[in-house]
Structure formats: C-alpha cells, structure tokens
Amino acid sequence: QKEVEQNSGPLSVPEGAIASLNCTYSDRGSQSFFWYRQYSGKSPELIMFIYSNGDKEDGRFTAQLNKASQYVSLLIRDSQPSDSATYLCAVILGTYKYIFGTGTRLKVLA
Amino acid sequence: DGGITQSPKYLFRKEGQNVTLSCEQNLNHDAMYWYRQDPGQGLRLIYYSQIVNDFQKGDIAEGYSVSREKKESFPLTVTSAQKNPTAFYLCATAQGAKNIQYFGAGTRLSVL
C-alpha cells in the first residue's frame with residue numbers, strides 16, 4: 001500500500017463548478033497535511049495546509065481533514081481555467097520527512 | 001529578493017560524468033531537501049538535511065551525493081553511478097514548528 005494515494009485523473013470540471021480532490025494516507029501518526037499546486041513544467045507551490053480535523057477555508061479553497069478515516073481533501077469553488085494543474089497531496093512522517101502522492105490532474109473546462 | 005535559487009535551469013550530462021546542481025536559500029531555513037520528479041510522477045526524496053553538517057538519505061539516494069557546509073547551500077551531485085538521471089530536480093526548504101516546505105524553480109537534467 002502506498003503511503004499517500006491520489007487518483008491520477010484527469011478530473012474534468014466545467015468553469016464555475018466545485019472541484020473535489022481526494023487523498024488517503026496510511027500512517028495514522030501523521031499530523032501535518034499539505035496541498036500543493038503544480039503547473040506543467042513548474043515547481044510545486046503551497047495552496048493549503050491543515051493539522052486539525054475539520055475544514056479550513058482560504059478564499060476559494062477548502063481543505064478537509066478526517067484523521068479517523070485517514071483522508072484529506074481539497075475543494076476548489078468557482079473553478080477557473082487557471083486552476084488547471086496537478087494537485088499534490090503531502091504528509092509529514094515524523095518531524096521532517098514529507099511523503100508526496102503522485103498528484104491529481106485537474107482540467108477546468110471553459 | 002528572498003527565496004530559493006536553483007541553478008542551472010537546464011543541465012546536460014555526458015555518460016560517465018558527474019554533475020552538480022546548486023541550491024541556495026536566503027530564508028534562513030534550517031531544513032533543506034532534494035527531490036526527483038519523473039514525468040507523470042510524484043516527488044521522490046533523494047536527501048534531506050535538518051542542520052549544517054548533517055544530512056540523511058531519502059528513498060532514492062543511490063547515485064547521488066550532497067553536502068551541507070553552510071546553512072544557505074545544499075548542492076546535489078549526480079554521479080556516474082546514477083544510470084538514469086534524466087528528471088526534474090527540486091530543492092526545498094522548511095522552517096518552523098509546522099515545517100512548511102517551499103520549493104525552488106527546479107533544474108531539468110538530461111543525458112546527452
């Protein structure tokens with residue numbers, strides 16, 4: 001079992017819709033969870049981080065964490081074509097080691 | 001201008017050659033990381049360093065070497081022992097209790 005799993009996609013949504021990206025992880029001791037956006041040919045950029053169960057909102061983005069079920073999700077409201085990218089989920093093991101999922105490719109259709 | 005600087009942006013390696021990728025940061029972050037990304041793949045950890053003069057192997061360290069002589073610098077050498085080096089290499093730094101990680105722009109390495 002992979003430590004961090006994501007559906008590779010592509011996930012296609014129409015412009016203005018809500019995009020829902022999901023991630024599951026295997027280590028119950030994980031405490032910190034991150035979502036990065038990566039445009040083709042570019043480096044990842046941090047979108048959201050979440051540490052506590054529940055929802056965390058930042059603008060059009062909402063991260064949701066459920067430690068009991070070991071999943072973390074990212075919702076993008078009012079999706080725009082500029083949101084089209086690969087979204088990477090990451091989990092910290094221990095103090096310093098990040099484990100990344102393989103990413104979900106999102107396509108927002110104009 | 002604060003941030004993480006990776007150089008060069010593109011690098012070509014001849015067979016049997018060692019090449020060194022540079023990563024410099026002026027964020028005063030303690031931790032630095034090197035990742036490799038292959039097309040359509042996630043990030044795989046090569047090496048990481050939590051403090052100066054100390055570093056640990058990641059999941060795919062074979063064929064790579066690093067040094068951490070200064071807090072600002074964490075160069076990665078791709079040795080001739082790495083038989084399939086073509087990839088996108090990313091350097092990252094992290095700081096603070098939450099250890100949020102930030103990335104440089106990356107170096108794309110190809111084999112001639």
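A note on names: the letters A, B, ... follow the listed sequences, proteins ahead of strands, and every chain is numbered from 1. Being a predicted model, the structure only gives us computed values, none of them experimental.
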Checking Gln6(B) against chain A: side chain, backbone, both or neither under 4.5 Å from a heavy atom? neither
Ring centres under 6.0 Å, that's the criterion: do Tyr36(A) and Phe103(B) meet it? yes
Drop me the distance from Lys97(A)'s NZ to Tyr33(B)'s OH, to the nearest 0.5 angstrom. 11.0 Å
Given side chain to side chain contact (heavy atoms under 4.5 Å, CB included), test Phe100(A) with Gln101(B) step by step and report yes or no. CA-CA 12 Å; Phe100(A) 285 84; Gln101(B) 206 165 91; 4.0 Å; yes
Give a yes or no on whether Tyr25(A) and Leu74(A) share a hydrophobic cluster (residues Ile, Leu, Val, Met, Phe, Trp, Tyr; joining criterion: side-chain heavy atoms under 4.5 Å apart). yes
Partners of Gln25(B) by side chain to side chain donor-acceptor pair (under 3.5 Å), sequence neighbours excluded? none
If hydrophobic clusters are built from ILVMFWY residues whose side chains come within less than 4.5 Å, do Phe49(A) and Tyr35(B) share one? yes
Tell me every residue that passes side chain to side chain contact (heavy atoms under 4.5 Å, CB included) with Val111(B), counting only those two or more places apart in sequence or in another chain. Pro85(B), Thr86(B)
Does the Thr102(A) side chain pair with the main chain of Gln41(B), one donor and one acceptor, at a distance under 3.5 Å? no
Determine whether Leu46(A) and Leu90(B) fall in the same hydrophobic cluster, where Ile, Leu, Val, Met, Phe, Trp and Tyr are linked whenever their side-chain heavy atoms lie under 4.5 Å apart. yes
Is there a continuous path of hydrophobic side-chain contacts, each under 4.5 Å between heavy atoms, that joins Phe33(A) to Trp35(A)? yes
Minimum-distance pair of heavy atoms, taken over all atoms of Phe34(A) and Ile100(B): CE2-CG1, 3.8 Å
How long is the gap from CD on Gln38(A) to CZ on Phe88(B), to the nearest 0.5 Å? 6.5 Å
Which residues, numbered in order, of residues 42-74 of chain B come under 4.5 angstrom of chain A by heavy-atom distance? Gly42(B), Leu43(B), Leu45(B), Tyr48(B), Gln50(B), Asp59(B)
Does Gln80(A) have any side chain to side chain donor-acceptor pair (under 3.5 Å) partners at least two apart in sequence or in another chain, and if so, which? Asp78(A)
Shared ILVMFWY cluster between Leu106(A) and Ile47(A), side chains joined below 4.5 angstrom? yes
